[in-house]
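Quick caveat: nothing in here was measured; it's all calculated off a predicted structure.
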Amino acid sequence: MGIIDRIRAYAGQDGSDAERAGGPSGSAAPSSQRSPLELCTIKELQRALAQDGGAPVRYRFLFTGNVQGVGFRWTNQGTARELGLTGWVLNLNDGSVEMEIQGPSGAIIKHLDTVHAYYSRMRCRVWLTEAQALDVQSNETGFSVRY
């Protein structure tokens, strides 16, 4: 999607519905709104944090919305590295972004909060559409952008 398409989509002139753009059905989700799945995932991570303290967890996330062409992968990489998280992030052909992220629950919550706040300020809608807990990988040492 080019810059003109993004402007038209933001202005509601592209004929797309909010669901196709990654937001809730029937309404244009503002950039500050979080998906119900993201809110549930944060609560799940908070429960894990209360139970196991700093034990690492791993999640697979799928994001839709304005997540390609805006530096989303690089922002995730920088934030993850600052927080000592491991994993990877990848643009998919359908315009979504897949990510696996691993580390303490509190750091993953901070990561999601930081990335969401950053893109909200840019008026980019970031919508978490899939979240799956995975087994921790003990041999992973960093966070990378995949191609």
Side-chain angles (χ1 to χ4, degrees), residues 1-3 5-6 9-10 14 16-147:
M1 177 184 284
I3 187 70
D5 295 324
R6 289 181 197 277
Y10 183 74
D14 67 342
S16 67
D17 64 17
E19 189 171 343
R20 193 173 74 222
S25 180
S27 68
S31 60
S32 61
Q33 186 177 354
R34 291 186 177 205
S35 74
L37 179 60
E38 184 174 359
L39 297 173
C40 288
T41 301
I42 289 172
K43 286 181 184 177
E44 185 178 306
L45 286 164
Q46 289 170 335
R47 282 192 298 273
L49 181 61
Q51 291 175 356
D52 62 25
V57 295
R58 184 177 190 88
Y59 274 84
R60 177 193 166 273
F61 294 136
L62 184 68
F63 295 95
T64 61
N66 304 106
V67 293
Q68 288 194 18
V70 293
F72 188 74
R73 291 176 298 158
W74 303 104
T75 301
N76 274 281
Q77 181 185 47
T79 302
R81 286 180 173 176
E82 286 176 15
L83 295 169
L85 299 169
T86 63
W88 52 266
V89 63
L90 171 72
N91 279 354
L92 300 178
N93 291 335
D94 66 358
S96 63
V97 173
E98 181 179 18
M99 177 170 57
E100 285 191 17
I101 192 164
Q102 177 174 296
S105 299
I108 294 175
I109 293 168
K110 177 76 171 164
H111 177 88
L112 290 170
D113 287 345
T114 301
V115 170
H116 187 79
Y118 179 79
Y119 283 97
S120 181
R121 284 190 302 273
M122 292 177 49
R123 295 183 166 242
C124 291
R125 181 178 39 248
V126 174
W127 204 252
L128 182 64
T129 58
E130 292 180 28
Q132 176 185 10
L134 303 171
D135 293 333
V136 172
Q137 294 184 8
S138 60
N139 61 343
E140 197 168 55
T141 59
F143 194 96
S144 64
V145 171
R146 290 190 177 175
Y147 299 92

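Judged by distance alone, the side chain of Thr114 and the main-chain N or O of Lys110 form a donor-acceptor pair under 3.5 Å.
The shortest side-chain heavy-atom distance between Thr79 and Tyr118 does not fall under the 4.5 Å cut-off. Under the 4.5 Å side-chain criterion, counting only non-hydrogen atoms from C-beta, Val126 is not in contact with Ser35. Counting heavy atoms from C-beta outward, Arg34 and Asp113 have side chains that approach closer than 4.5 Å.
How far CD of Gln46 is from NZ of Lys43: 8.5 Å, rounded to the nearest 0.5 Å.
With Arg146 as the fixed residue, the side chain to side chain contact (heavy atoms under 4.5 Å, CB included) test singles out one of Leu90, Asn91, Val89: Leu90. For the side chain to side chain contact (heavy atoms under 4.5 Å, CB included) criterion with Leu62, the lone passing option out of Thr129, Val67, Leu128 is Thr129.
Counting heavy-atom neighbours within 6.0 Å of Asn93 CG, excluding the residue itself, gives a total of 12 or less. Few gaps surround CG on Asp94; more than 12 heavy atoms of other groups in view lie less than 6.0 Å from it.
Relative ring orientation between His111 and Phe143 is described as tilted, the plane-to-plane angle lying within the 30° to 60° band.
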Phe72 and Asn66: CA distance, side-chain angles, deciding distance, side-chain contact (heavy atoms from CB on, under 4.5 Å) verdict: CA-CA 9 Å; Phe72 188 74; Asn66 304 106; over 6 Å; no
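In summary, the side chains of Tyr119 and Thr75 do present a donor paired with an acceptor at a separation below 3.5 Å, with no hydrogens or angles considered.
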